[in-house]
Protein chains: 2
Amino acid sequence: MKVLRVGICGWGNVATGMFKAIVDNKFFIEQSGVSIDIACIGARRDNPKCNPGEIKIYRDIFDIPNQDIDVVVELIGGVETARELILKSIKAGKHVVTANKAVIFHHGDEIFNAANDHGVKVLFEAAVCAGTPIVKMLKEELAPNRIKKISGMLNGTSNFILSNMEEGNEFDDTLKLAQDEGYAEPDPAFDIDGLDAAHKIGLLASIAYGTTLPPEEFYIEGITKIDKKDFLYADMLGYTIKHLAVSKLNKANIEIRVHPVLISKTSYLANLKGVRNGIEIDTDLIGTIHIAGSGAGQESTASGLISDVIHLANSNIEIIDTKKKNNSLPIKDFSSFSFQYYFYIEVQDTPGVMASITSLLAHQNIGIESIVQKDNLEENLVPIILVTNSFKETKVKDIKESILNLESVNKLRTIRIEEI
Amino acid sequence: MKVLRVGICGWGNVATGMFKAIVDNKFFIEQSGVSIDIACIGARRDNPKCNPGEIKIYRDIFDIPNQDIDVVVELIGGVETARELILKSIKAGKHVVTANKAVIFHHGDEIFNAANDHGVKVLFEAAVCAGTPIVKMLKEELAPNRIKKISGMLNGTSNFILSNMEEGNEFDDTLKLAQDEGYAEPDPAFDIDGLDAAHKIGLLASIAYGTTLPPEEFYIEGITKIDKKDFLYADMLGYTIKHLAVSKLNKANIEIRVHPVLISKTSYLANLKGVRNGIEIDTDLIGTIHIAGSGAGQESTASGLISDVIHLANSNIEIIDTKKKNNSLPIKDFSSFSFQYYFYIEVQDTPGVMASITSLLAHQNIGIESIVQKDNLEENLVPIILVTNSFKETKVKDIKESILNLESVNKLRTIRIEEI
């Protein structure tokens with residue numbers, strides 16, 4: 001049995017969850033031929049919820065890399081201090097396991113280069129969808145494949161909120177419910193503005209396509225502009241609404257983007273509800289792979305972290321772990337994209353308003369795939385629902401402004417349509 | 001770059017698919033830090049569809065283990081000759097990669113023991129659902145977890161046939177379609193009688209629970225007794241019909257079983273149609289994981305084989321790869337199971353027939369959850385559809401006989417109901 005000595009930095013929920021899982025599931029872990037020995041913990045203060053017994057706690061986390069250990073598990077969160085700790089650990093010849101997507105997103109290349117220089121590995125399975133094994137699947141099991149496209153819901157909070165809005169609830173109510181149930185942080189901006197999903201798809205793109213970390217700039221939009229009524233209209237048209245993170249290999253460039261989309265109700269991703277994370281990977285050899293699981297939570301994250309430690313014991317450290325950055329394709333400029341669009345246009349029910357909208361679009365050379373005028377809302381307001389043909393992103397801003405400038409138009413919302 | 005020298009035994013569809021994928025996807029494979037060099041091929045005859053160029057072909061496959069190679073890829077199929085070739089390769093100090101589920105099912109323990117004795121590994125990702133990465137996921141990424149239950153459709157042909165019957169087609173027609181489209185073999189018995197799925201769940205149980213290979217005897221039933229009308233009645237009751245392979249960890253034993261089931265229409269597995277394979281794994285840390293992908297085909301199998309070769313290059317060979325057989329739990333005797341049952345009973349529409357069936361069940365102490373009498377079929381025949389409460393498997397045979405012995409009963413079909 002190979003014994004790996006581990007030092008855990010940070011002693012919050014995730015760290016104590018890992019500690020507990022290592023103790024509770026010792027039998028299963030050791031069936032992999034590996035024994036994990038938690039040698040020390042770095043934490044400014046004790047955690048009243050978890051007594052680590054005889055394990056020594058260092059009050060300065062920067063003491064941990066100097067101990068007689070094989071692996072530093074970085075669970076302090078944040079970016080700059082985490083970067084410093086990881087680099088110090090690497091220089092001390094320790095492998096690093098982390099659940100910290102932000103630090104890898106912003107400093108991944110620097111960190112992996114340092115790791116290669118020092119003959120150690122930095123693993124981050126738990127940084128993307130917690131223990132759901134997406135990182136290793138992309139890095140290893142799918143390695144023989146051309147990864148054509150990765151699409152998924154990578155943020156549990158956003159998927160929880162949208163799934164609840166689909167059932168007819170308001171955004172604010174369901175955000176509060178998510179906070180009450182512990183899915184969303186007290187400050188939910190990071191989730192609902194799309195940044196969390198952006199970090200995760202950035203990491204996956206770096207694995208699949210060798211894009212840089214930090215990645216070049218890419219388009220990020222959250223879910224705050226969606227109204228519960230959009231789900232009704234989307235449903236009528238055969239769609240539902242999801243917050244999608246996408247990365248795709250094109251001939252001349254690589255797409256990375258994160259935004260809400262209408263997707264076909266019958267697609268796999270449309271049917272993943274609640275806090276679950278799910279991903280669809282299009283490959284040349286295996287075809288389309290689906291994987292879904294719990295994307296957050298103490299125990300799921302612990303599973304991802306421990307599987308990384310087991311992997312370190314099982315792996316041949318000579319082999320460089322990150323894809324070579326030999327794919328010099330640029331990130332596709334978002335302005336060069338074309339999408340079909342869903343338009344929700346709220347108008348005063350006056351003669352000629354439909355004609356002025358359709359002629360405005362015709363003038364811009366934008367075809368209409370379907371158009372529905374629904375029953376009155378309140379105060380003589382009528383919703384017009386449009387699905388356009390595909391057109392260039394560069395046109396969107398002007399078109400939206402022009403429509404909103406029409407005399408009878410009261411409100412406008414737009415959502416891109418994704419072909420899955 | 002680590003170079004692995006590989007000898008391929010067998011030169012049929014799968015072997016040439018692997019050869020082609022190694023050539024075509026060289027760029028992606030080498031991004032993993034591994035270069036695969038096909039050093040030699042063992043094949044009794046050339047394959048007119050594939051010219052291996054300069055690579056030497058040995059006419060005796062048993063010459064391959066003696067060559068200057070790191071890995072023998074066994075793609076000859078069958079059981080006894082494959083076993084002999086694998087054992088010879090191990091004794092010659094070569095790693096082995098195989099897609100052959102039958103040889104691992106029947107001789108796995110002998111093969112893995114020999115491999116451990118000789119310090120080499122035997123990998124078989126492609127033996128279960130081709131390239132869909134279920135084997136490595138169970139073995140590594142989910143290693144920190146207690147695997148509570150594995151349930152899945154592991155045979156693409158059966159799932160294709162049942163999905164087509166669900167659309168209203170007859171068994172025989174859809175089997176012929178499966179054969180025409182190349183999903184089913186000319187002799188389809190291995191697929192439709194459940195043996196292929198049984199081999200696969202046997203391998204997964206050995207990984208998850210350390211059960212022996214060959215496993216102790218377990219229950220295997222195929223899809224040949226299902227009628228297309230059963231889908232209509234199942235649908236009416238909120239179910240669909242799938243051919244399910246199950247392995248589950250109980251307190252005192254381990255379940256392994258393969259048979260058709262009614263499962264809830266809203267479940268994940270119910271919605272996987274066609275030749276796709278899909279699996280649901282219940283774990284203690286990550287919760288429920290779903291994975292689905294192409295479970296057959298030359299290219300998907302090639303992906304599984306190549307990912308195993310990459311894994312060999314990346315892995316630390318000191319670590320024994322198979323779970324220790326320290327889980328001495330027996331396989332649960334199928335007669336000790338209890339299931340809810342779906343009964344299709346075709347009766348002559350005479351007074352008292354319903355009463356005689358229900359009193360027969362009452363006499364056996366079997367409750368009825370729902371009962372539906374449908375419109376007449378032909379010739380005064382009426383179908384009665386029953387869903388029973390859960391009862392012991394030991395009772396089933398007697399009950400079926402008693403019902404068939406009732407004067408007005410013409411026909412009886414039963415399917416177990418699975419809670420997912």
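Throughout, a chain's letter reflects where its sequence line sits, starting with A, and its residues are numbered from 1.
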Picking from [options], which has the most non-hydrogen pairs under 4.5 angstrom with chain A?
{"options": "B:A292, B:A302, B:G304", "answer": "B:A292"}
{"options": "B:T288, B:I36, B:L142, B:I29", "answer": "B:T288"}
{"options": "B:G293, B:G131, B:G297", "answer": "B:G131"}
{"options": "B:D284, B:T301, B:V309", "answer": "B:D284"}

Apply the test side chain to side chain contact (heavy atoms under 4.5 Å, CB included) to residues B:L4 and B:K2: give CA-CA distance (whole Å), side-chain angles for both, the deciding distance (0.1 Å), then the verdict.
CA-CA 7 Å; B:L4 249 76; B:K2 181 149 182 173; 4.0 Å; yes

Salt bridge (Lys or Arg N to Asp or Glu O under 4.0 Å) contacts in which one or both residues fall within residues 294-308 of chain A, not counting sequence neighbours:
A:K136-A:D308

Please list all pairs meeting salt bridge (Lys or Arg N to Asp or Glu O under 4.0 Å) that have one or both residues in residues 146-156 of chain A, counting only residues at least two apart or in different chains.
A:K149-A:E418

Is there a side chain to side chain contact (heavy atoms under 4.5 Å, CB included) between A:L123 and A:L312 once you walk through the steps?
CA-CA 9 Å; A:L123 302 183; A:L312 285 171; 3.9 Å; yes

Name the orientation class of the two ring planes belonging to B:Y268 and A:Y268 (parallel below 30°, tilted from 30 to 60°, perpendicular beyond 60°).
perpendicular

Do we see a donor-acceptor contact under 3.5 Å between the side chains of A:E30 and A:S35?
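Yes, because at least one side-chain N or O of A:E30 sits under 3.5 Å from a partner of the opposite role on A:S35.
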
Are B:N250 and B:N253 linked by a side-chain donor-acceptor pair shorter than 3.5 Å?
yes

Contacts with chain A made by residues 269-283 of chain B (heavy-atom distance under 4.5 Å), listed by residue number
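Residues of residues 269-283 of chain B touching chain A at under 4.5 Å: B:R276.
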
How would you list, in number order, the residues of residues 16-26 of chain B that have a heavy atom less than 4.5 Å from chain A?
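Against chain A, the residues of residues 16-26 of chain B that fall inside the cut-off (heavy atoms, under 4.5 Å) are B:A21, B:N25.
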
Does A:H311 reach the main-chain N or O of A:S307 with its side chain, forming a donor-acceptor pair under 3.5 Å?
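Judged by distance alone, no pair lies under 3.5 Å.
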
Could you check whether any side-chain N or O of A:N145 sits under 3.5 Å from a backbone N or O of A:L285, counting only pairs where one atom can act as donor and the other as acceptor?
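Yes; judged by distance alone, with no hydrogens or angles, the pair exists.
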
How close do B:T132 and B:E125 get, heavy atom to heavy atom, and via which atoms?
O-OE2, 3.3 Å

Closest heavy-atom pair and its distance - A:K265, A:T240
CG-N, 4.0 Å

Under 4.0 Å between a Lys/Arg side-chain N and an Asp/Glu carboxylate O for A:D70 and A:R5?
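Here A:D70 does not pair with A:R5 in a salt bridge, since their nearest N and O are not under 4.0 Å apart.
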
Report which part of A:I310 has an atom under 4.5 Å of a heavy atom belonging to chain B: side chain, backbone, both, or neither.
side chain

